Amino acid sequence: MNNKIKQFAELISDSSKTVFFGGAGVSTESGVKDYRSEDGLYNTVKEYGVSPETILSHSFFKKNPETFYDFYYKYFLECEVEPNAAHIALAKLEQMGKLSSVITQNIDGLHQKAGSKMVLELHGTTSKHYCSDCFAPFAVEDIKALKGGVPHCRKCGGIIKPRVVLYEEPLNDEVVEKAVSEIVNADLLIIGGTSLAVYPAAMYIRYFRGRNIVLINKGETQYDSSADLVFRENIGAVLSETVRFVK
C-alpha cells in the first residue's frame, strides 16, 4: 500500500483545490453505527419492528414522536463518540491549506470536533435542535438534560426537532449549492466511507470535472472504475498515513 499512499500524497500536494466527500464509513471507526453492516442500525428492525429509514422519516416523527425520540436518544444522543484518525487527518489537511472543504452525509459533528472549519453537512446535524412550531433554537445539551421523553418548547409547547434532514424532507438548498460549487471547482475529489448509494447526495459526484478521483471504501462503488486510486483499507489508516507525505 505504501506506493499508493505516496501517489495519493502527491495528488494532494499538486492539487490547487481538493474536496473530500464522505459518508457513514468515516464515522464507524469512532463507534457510530452505520445502516447496512451486521451491527448497524438495521438491527433496530428487531427492536422497533420498522426500519431506521421509517423511524427517521418526517411522517413517523410527526405521528410517533415518542418512538422517534426513544430511538434518537439511544442511537444518537447517548452515544458518546470522539473523532477518529480520519477526522483528525482531514482537519490536518485543512490546516495545511491542502483541503478546501469536507462535504459529509453524516450528522454527528465529528469533523468539527476534530478541528475542520469548512464542513458542509448535507443531512444536517444532531448538535442543533429547534421548535417545530415557533422555530426557537435549542442546544443539544438542553435535549440531553431531559434524559428521555419527547422534548417540548419552553416558549410555545411545540415538539422540538433535531436539525437533521429526515427522510421525506428536502435537503437545504444553500448547503447543496455550496457543495455542488465545491465539487465543480475541485481538481481532486476524495471520496471516503460511502457506497454512493444514498440519493440525492451521491448524485452530486457527477458534477466533478476535475483531474483526479481517489476512492476509499471497504466495499465496491459505482465510481471505482472512474477513480485514479482505490483503497479498500480502513479510511483512518489511509488518510493519516497519507498526510505524512503531503508537501
Side-chain angles (χ1 to χ4, degrees), residues 1-29 34 36-37 83-106 110-111 114-122 175-247:
M1 185 173 73
N2 199 39
N3 286 337
K4 285 174 67 177
I5 288 289
K6 290 182 178 179
Q7 283 181 263
F8 186 12
E10 287 176 8
L11 290 177
I12 296 174
S13 298
D14 295 340
S15 170
S16 60
K17 185 177 179 68
T18 298
V19 170
F20 179 84
F21 183 95
V26 178
S27 291
T28 51
E29 292 175 32
D34 66 3
R36 293 168 178 82
S37 64
N84 61 52
H87 299 107
I88 294 168
L90 290 168
K92 176 67 173 176
L93 286 173
E94 183 185 79
Q95 292 162 12
M96 295 167 64
K98 294 297 183 180
L99 185 66
S100 173
S101 61
V102 168
I103 302 169
T104 180
Q105 299 174 79
N106 298 334
L110 290 177
H111 286 293
S116 291
K117 305 297 183 186
M118 182 55 177
V119 182
L120 298 172
E121 297 169 305
L122 291 172
V175 175
V176 168
E177 288 176 11
K178 288 180 180 178
V180 169
S181 176
E182 284 292 296
I183 292 171
V184 166
N185 292 297
D187 56 22
L188 171 60
L189 179 63
I190 304 170
I191 303 170
T194 174
S195 61
L196 295 174
V198 177
Y199 286 82
M203 69 179 290
Y204 303 140
I205 301 300
R206 299 176 185 173
Y207 290 99
F208 180 67
R209 296 293 182 269
R211 292 197 307 266
N212 304 108
I213 293 177
V214 175
L215 208 153
I216 314 166
N217 195 58
K218 290 187 176 180
E220 293 183 6
T221 80
Q222 60 182 309
Y223 276 86
D224 285 10
S225 60
S226 302
D228 298 88
L229 292 172
V230 176
F231 294 89
R232 293 280 182 247
E233 293 80 12
N234 289 347
I235 188 169
V238 171
L239 289 175
S240 56
E241 183 68 11
T242 300
V243 169
R244 295 177 54 233
F245 296 98
V246 173
K247 300 176 182 177

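This one's a predicted model, so the numbers in the text were calculated from it and none came from an experiment. What you see below is based on every heavy atom in this structure, not just the backbone, and it leaves out hydrogens, waters and symmetry mates.
- For the pair Gly115 and Ala91, the tightest heavy-atom approach, listed with the atom from each and the gap, is C-CB, 3.9 Å.
- Looking at Val214, Ile5, Ile190, Leu11 one by one, the single match for side-chain contact (heavy atoms from CB on, under 4.5 Å) with Thr242 turns out to be Ile5.
- More than 12 heavy atoms of other shown residues, nucleotides or ligands fall within 6.0 angstrom of atom CZ in Phe245.
- Surrounding CD of Glu220 are at most 12 heavy atoms belonging to other residues, nucleotides or ligands under 6.0 Å away.
- The environment of Lys17 atom NZ is dense: over 12 non-hydrogen atoms of other residues, nucleotides or ligands sit within 6.0 angstrom.
- Considering all non-hydrogen atoms of both residues, Asn84 and Val26 come closest at ND2-O, 2.8 Å.
- Remark: the backbone N or O of Met118 is not paired with any side-chain donor or acceptor of Ser116 at under 3.5 angstrom.
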message: Apply ring-ring contact (aromatic ring centres under 6.0 Å, His included) to residues Tyr204 and Phe21 and explain how you reach the verdict.
response: CA-CA 10 Å; Tyr204 303 140; Phe21 183 95; 7.6 Å; no
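- Of all the heavy atoms in Gly23 and Asn106, the pair that sits closest is O-ND2, 2.9 Å.
- Considering NZ of Lys4 and CD of Glu241, their distance stands at 13.5 Å, rounded to 0.5 Å.
- You'll find the side chain of Phe208 stays beyond 4.5 Å of the side chain of Val19, heavy atoms only.
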task: Would you check, one step at a time, whether the test side-chain contact (heavy atoms from CB on, under 4.5 Å) holds for Val246 with Lys92?
output: CA-CA 11 Å; Val246 173; Lys92 176 67 173 176; over 6 Å; no
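- Rounding to the nearest 0.5 Å places CD of Glu10 at 7.0 Å from CD of Gln7.
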task: With side-chain contact (heavy atoms from CB on, under 4.5 Å) as the test, would you mind laying out the steps for Lys218 and Asn234 before giving the verdict?
output: CA-CA 7 Å; Lys218 290 187 176 180; Asn234 289 347; 2.7 Å; yes
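- Here the shortest heavy-atom pairing between Ser240 and Gly236 reads OG-O, 2.7 Å.
- Note that OG of Ser100 and CG of Leu93 are 12.0 Å apart. Values are rounded to the nearest 0.5 Å.
- With rounding to the nearest 0.5 angstrom, the CD1 atom of Ile235 is 8.0 Å from the CG atom of Asn217.
- Heavy atoms only, all atoms of each residue included: Ile103 and Glu182 are closest at CD1-CB, 4.2 Å.
- Between His87 and His111, the angle of the ring planes goes over 60°, which puts this pair in the perpendicular group of the 30/60° scheme.
- Taken from OG in Ser16 to NZ in Lys98, the straight-line distance is 9.5 Å, to the nearest 0.5 Å.
- Note that the OH atom of Tyr223 and the CD1 atom of Ile213 stand 7.0 Å from one another [nearest 0.5 Å].
- A distance-only check finds no donor-acceptor pair linking the side chain of Ser27 to the backbone of Ala24 [under 3.5 Å].
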